[in-house]
Amino acid sequence: MKKFKRTTVTAALPYANGPLHIGHVAGAYLPADTYVRYLRLRGDDIVFICGSDEHGVAITLGAKKEGVSPKAFVDKYHNLMKKAFQDFGIGFDIYSRTSQPVHYETAQEFFKTIYDQGIFLEETSDQYYDEQEGIFLADRYITGTCPKCGNTNAYGDQCEKCGTSLSPRELINPRSTVSGNTPVLKPTKHWYFPLDKYESWLKEWIVEGHKDDWKTNVYGQCKSWIDQGLQPRSITRDLAWGIPVPLAEGKGKVLYVWFDAPIGYISATKELKPNDWQKYWQDNDTRLIHFIGKDNIVFHCVIFPSMLKAAGKYILPDNVPANEFLNLEGEKISTSRNHAVWLHEYLEDFPGRRDELRYTLTSISPETKDADFTWKDYQSKVNSELSAILGNFVNRVMVLTWKYFDGKVPSAHELPGTNDHRKRILEKYQQAHNDLNASVKEMISALDDFRFREAQFQMMNLCRIGNKFLADTEPWKLAKEDMEAVSCILSYALTVVGNIAIACEPFLPDTAQNIKKQLNSTGIDTGWNAFWKKAELIEPLPESHQLGKAELLFRNIEDEEIEKQINKLKKPKAVEEVKPESAVKPLKETITIDDFTKLDIRVGTILTAEKMEKSDKLLKFTIDTGIDKRTVLSGIAKHYTPEEMVGKQVTLIANLAPRKMMGIESQGMILMAEDADGKLRLLQPNEAVNPGATVS
RNA sequence: GGCGCGGUAGCUCAGGUGGUUAGAGCGUUGGAUUCAUAACCCAAAGGUCGGGGGUUCAACUCCCCCCCGCGCUACCA
């Protein structure tokens with residue numbers, strides 16, 4: 001394995017359209033922070049980079065919804081996230097944002113560098129432009145008359161009636177479905193990144209080169225993508241919010257958010273290290289690590305590396321330890337349903353208990369598969385692991401030392417094995433020492449491999465071994481007969497406590513500080529980091545050193561506290577505060593009664609229902625419409641089973657042009673209500689009517 | 001439907017290249033103990049290793065089929 005001189009660690013740039021929840025934390029930021037703390041303790045040269053991702057359509061839509069400017073919108077969430085990270089103790093070297101001037105420059109320069117080599121594909125096409133809204137219209141936001149069959153409601157990409165695929169420009173009398181106005185044709189040019197040209201290189205670099213050192217979920221996902229064949233991706237958009245395309249002919253266009261966002265890592269590094277940022281991005285002795293969630297794998301493993309490769313000079317990620325997702329109480333975390341534990345709310349509800357959340361999230365870290373956070377687990381981990389094992393061990397050693405030695409580190413001289421109980425103590429000491437060193441080694445090796453769950457477990461193991469050592473040697477019994485032995489036992493127990501203070505720092509930084517405070521070790525801890533390089537116990541405390549007061553490290557979580565949290569999940573938020581996405585769709589353009597009467601809406605009865613072969617969404621029905629019995633396909637397989645549909649009355653558009661799907665012609669469209677979560681429900685008359693009943 | 005990743009004790013998870021009684025932590029039960037937040041220590045019970053075939057002297061570990069979870073993807077008019 002290659003030896004690197006320094007490491008650049010990035011954590012996914014969170015999108016600035018909502019607050020952070022524990023899923024974000026467990027997925028990327030906590031493992032990244034743990035890893036970075038470990039590297040720092042080891043004394044490595046490292047930068048830890050993050051920031052808010054602030055561009056893209058979703059931001060402009062969110063801003064519109066809140067009735068503020070995009071800038072004001074991202075300011076709000078950027079500040080919220082930045083504060084939450086800070087309060088939680090994620091130790092970024094910099095938390096920047098993609099609206100920074102330095103990022104504009106960097107992203108534009110990056111674009112230019114690739115552009116100047118003639119790598120981008122350019123494609124100019126006339127596209128419809130809505131002058132009232134000031135936007136270019138995507139194909140399906142345009143309707144008009146089909147040139148082939150005269151259907152007046154053909155879409156920009158396809159005519160429903162005759163089934164031919166169209167381009168918007170073929171439509172006669174096009175209309176914008178956004179404003180209802182007639183759009184004008186304007187030429188627009190876009191730039192494409194030829195991902196396909198990097199296919200063979202990606203195969204070599206990932207499929208062959210990282211077969212063994214990348215996580216299986218990451219590797220599999222990449223391989224799947226590469227094997228499916230890559231295509232050029234457009235990297236510019238006609239949008240007002242974003243980074244302007246740095247070309248004369250790119251006026252009014254911006255870089256696609258996915259293009260500019262990862263460059264944000266580089267910009268933030270520049271901001272942090274204006275003079276030698278290149279060291280962290282363009283030196284082959286630097287190791288680049290991206291911490292992300294699984295939704296970001298393709299971007300960080302395939303697209304961004306290809307961009308870096310195209311730009312030249314840049315190093316490529318050495319590893320991308322992506323996590324899977326975190327569920328909450330058995331269900332997916334959902335922003336719109338407010339089924340989430342928000343980081344800033346946790347910090348308010350559990351002040352001074354950051355390590356408790358860190359510990360729980362690391363112990364269930366979704367490293368190999370989706371994981372589930374439950375408040376009961378949280379309580380159990382805090383009470384029976386942190387408190388009972390770690391907190392208790394440190395406390396009993398402290399208390400014993402105060403009791404027998406007035407809080408001074410006792411002498412650790414050789415204990416002559418002159419009698420049976422002393423021989424036993426020596427034996428137990430030897431066993432503990434071997435076990436402890438084995439755990440330290442395993443912990444460090446797990447940290448090196450991004451196996452944080454295991455690493456943290458080994459850290460706790462130090463406490464378990466410590467507890468066992470005390471139980472095996474029973475210094476409280478020996479106090480009456482052999483203080484020399486007690487002295488040796490407690491001296492060693494304190495050594496273990498000191499090493500725990502060191503070992504727990506990547507996982508439980510506050511606890512590390514608390515233990516150090518109790519040990520009163522400020523000033524004598526200069527050599528402590530040798531622990532990480534030697535990967536074995538060090539001797540942290542000199543003889544006669546005066547300890548601080550014993551205090552409990554953790555307080556148990558009571559049932560009421562978690563009940564409160566569970567109840568909180570059950571209620572949707574009363575006040576609109578954390579619901580960026582669930583808004584109601586805007587009203588469509590006004591139509592006339594004539595438009596409406598063109599529709600022939602009927603009630604029909606479902607006679608038969610079956611699942612379509614090879615389709616996840618389509619169900620195939622025979623419907624008695626009163627007039628005829630016809631075949632209708634509908635994409636509701638995720639919401640209804642065929643069995644429960646038979647016999648039901650449904651509303652359908654009976655005069656919709658037939659349309660072929662997966663080889664079968666559908667003669668009509670069943671009407672469904674769709675709620676904010678995308679759940680579909682049937683529209684039915686509230687009492688049975690005869691098949692063929694009209695709707696008006 | 002295609003592709004990818006998972007499905008191991010009540011819970012969270014380990015189990016290179018197949019080989020004696022499948023492991024750990026938490027939980028449960030019993031015991032011991034009192035320095036400690038009834039904590040700690042010891043012990044026990046708990047698993048047809050998603051299901052079914054196959055290869056093999058031998059499979060949790062290899063092959064095939066199926067089921068379930070998650071993700072990407074096609075089909076949602």
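Side chains included, hydrogens not; waters and symmetry mates left out as well; all remaining heavy atoms used.
A:Thr374 and A:Glu329 share no side-chain donor-acceptor pair at under 3.5 Å. With 3.5 Å as the limit, one finds a donor-acceptor pair spanning the side chains of A:Asn217 and A:Glu324. Side-chain N/O atoms of A:Arg396 and A:Asn467 include a donor and acceptor closer than 3.5 Å. Judged purely by distance below 3.5 Å, without hydrogens or angles, the side chains of A:Asp628 and A:Gln667 never pair a donor atom with an acceptor atom.
Note on A:Ser363: only backbone sugar-phosphate atoms sit closer than 4.0 angstrom, heavy atoms only; bases stay farther off. Nucleic acid contact class of A:Ser666 (heavy atoms, under 4.0 Å, all strands): none. Across all strands shown, A:Ser387 has heavy atoms under 4.0 Å from base atoms, whether or not it also approaches the sugar-phosphate.
With B:rU12, B:rU34, B:rA14 as the candidates, the nucleotide lying closest to the side chain of A:Arg453 is B:rA14. In this structure, of B:rU37, B:rC5, B:rU12, it is B:rC5 that holds the atom nearest to the side chain of A:Thr216. Candidate nucleotides B:rG6, B:rC35, B:rC75 were compared by shortest atom distance to the side chain of A:Leu618, and B:rC75 ranks first. Residue A:Arg659 has its side chain nearest to B:rC76 when only B:rC70, B:rU12, B:rC76 are considered. Comparing B:rC41, B:rC5, B:rC70 by their closest approach to the side chain of A:Asp472 singles out B:rC41. Out of B:rC5, B:rU12, B:rU34, the shortest distance to the side chain of A:Trp476 is found at B:rU34. In this structure, the nucleotide among B:rU34, B:rC76, B:rC72 sitting nearest to the side chain of A:Trp225 is B:rC72. Of the listed nucleotides (B:rA36, B:rU12, B:rG71), B:rG71 has the atom at the smallest distance from the side chain of A:Lys294. You'll find that the side chain of A:Ala471 is closest to B:rC41, out of B:rA77, B:rU37, B:rC41. With B:rC75, B:rC41, B:rC13 as the candidates, the nucleotide lying closest to the side chain of A:Ala371 is B:rC13.
Between B:rU12 and B:rG7, the distance separating the two C1' atoms is 14 Å to the nearest Å. B:rG23 and B:rC60 have their P atoms separated by 13 Å, given to the nearest Å. Atom C1' of B:rA36 sits at a distance of 13 Å from the matching atom of B:rC41, rounded to the whole Å. Taking the C1' atom of each, B:rG15 and B:rG4 are spaced 23 Å apart, rounded to whole Å. Remark: the separation of the C1' atoms in B:rG16 and B:rC75 is 42 Å, to the nearest Å. B:rU56 and B:rC72: their P atoms are spaced 42 Å apart (whole Å). If you take atom P in B:rA45 and the same atom in B:rA22, they sit 13 Å apart, rounded to whole Å. Using atom P as the reference point in both B:rC66 and B:rU73, the two lie 24 Å apart (nearest Å).
Side-chain atoms of A:Asp377 do not come within 3.5 Å of backbone N or O of A:Phe373 as any donor-acceptor pair.
Checked for salt-bridge contact, A:Asp435 and A:Lys468 miss the test: no charged N lies under 4.0 Å from a carboxylate O.
Taking each heavy atom of A:Ile22 and A:Leu326 in turn, the nearest pair found is O-CD2, 3.8 Å. In plain terms, the two heavy atoms of A:Glu561 and A:Arg353 that are nearest each other are OE1-NH1, 3.7 Å.
Contact annotation: A:Lys468 reaches the phosphate of B:rC42 (side-chain N/O to OP1 or OP2, under 4.0 Å). At B:rG71, one or more side-chain N or O atoms of A:Lys332 fall inside 4.0 Å of OP1 or OP2 (strictly under the cut-off). At least one side-chain nitrogen or oxygen of A:Lys369 sits closer than 4.0 Å to the OP1 or OP2 atom of B:rU8.
Using bins of under 30°, 30° to 60° and over 60° for the plane-to-plane angle, the ring pair A:Trp214/A:His210 lands in the parallel bin. Using bins of under 30°, 30° to 60° and over 60° for the plane-to-plane angle, the ring pair A:His433/A:Tyr429 lands in the parallel bin.
Taking a 6.0 Å sphere around NZ of A:Lys381, one finds it holds more than 12 heavy atoms contributed by other residues, nucleotides or ligands. Counted within 6.0 Å of CD on A:Gln231, heavy atoms from surrounding residues, nucleotides or ligands total 12 or fewer; the atom is thus considered open.
For A:Glu324 and B:rG4, the CD to P distance is 15 Å, given to the nearest whole Å. Taking atom OH of residue A:Tyr378 and atom P of nucleotide B:rU12, one finds them 19 Å apart after rounding to whole Å. Between the P atom of B:rA38 and the CG atom of A:Asn467 lies a distance of 14 Å, rounded to the nearest Å. In this structure, A:Met483 places its CE atom 14 Å from P of B:rC35, rounding to the nearest Å. In this structure, CD of A:Glu385 is placed 16 Å from P of B:rC11, rounded to the nearest angstrom. Atom CG in A:Asp372 sits roughly 12 Å away from atom P in B:rC70 (whole-Å rounding). Straight-line distance from the CZ atom of A:Phe452 to the P atom of B:rC13: 16 Å, rounded to whole Å. Between A:Glu454 atom CD and B:rG25 atom P the separation is 12 Å, expressed in whole Å.
Toward the 5′ end of RNA chain B lies the nearest nucleotide of A:Gln228, the other residue of the pair A:Gln228 and A:Tyr404 mapping further downstream. Across the interface with RNA chain B, nearest-nucleotide mapping of A:Ile465 and A:Asn327 shows A:Ile465 to be the residue nearer the 5′ end.
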**OP:** Would you mind building the protein contact string for nucleotides 27-32 of chain B? One character per nucleotide, 5' to 3', B for base within reach (heavy atoms under 4.0 Å), S for sugar-phosphate only, - for untouched.
**Re:** S-----

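In this entry the base of B:rG7 is anti relative to its sugar, with a glycosidic angle more than 90° from 0.
If you check distances only, the side chain of A:Asn395 never reaches the base of B:rU37 with a donor-acceptor pair under 3.5 Å.
Atom CG of A:Leu619 is separated from atom CE of A:Met645 by 7.0 Å, given to the nearest 0.5 angstrom.
Listed by first residue number, the stems of RNA chain B with at least three Watson-Crick or G-U pairs below 3.5 Å are B:1-7 with B:67-73, B:10-13 with B:23-26, B:28-31 with B:41-44, B:50-54 with B:62-66.
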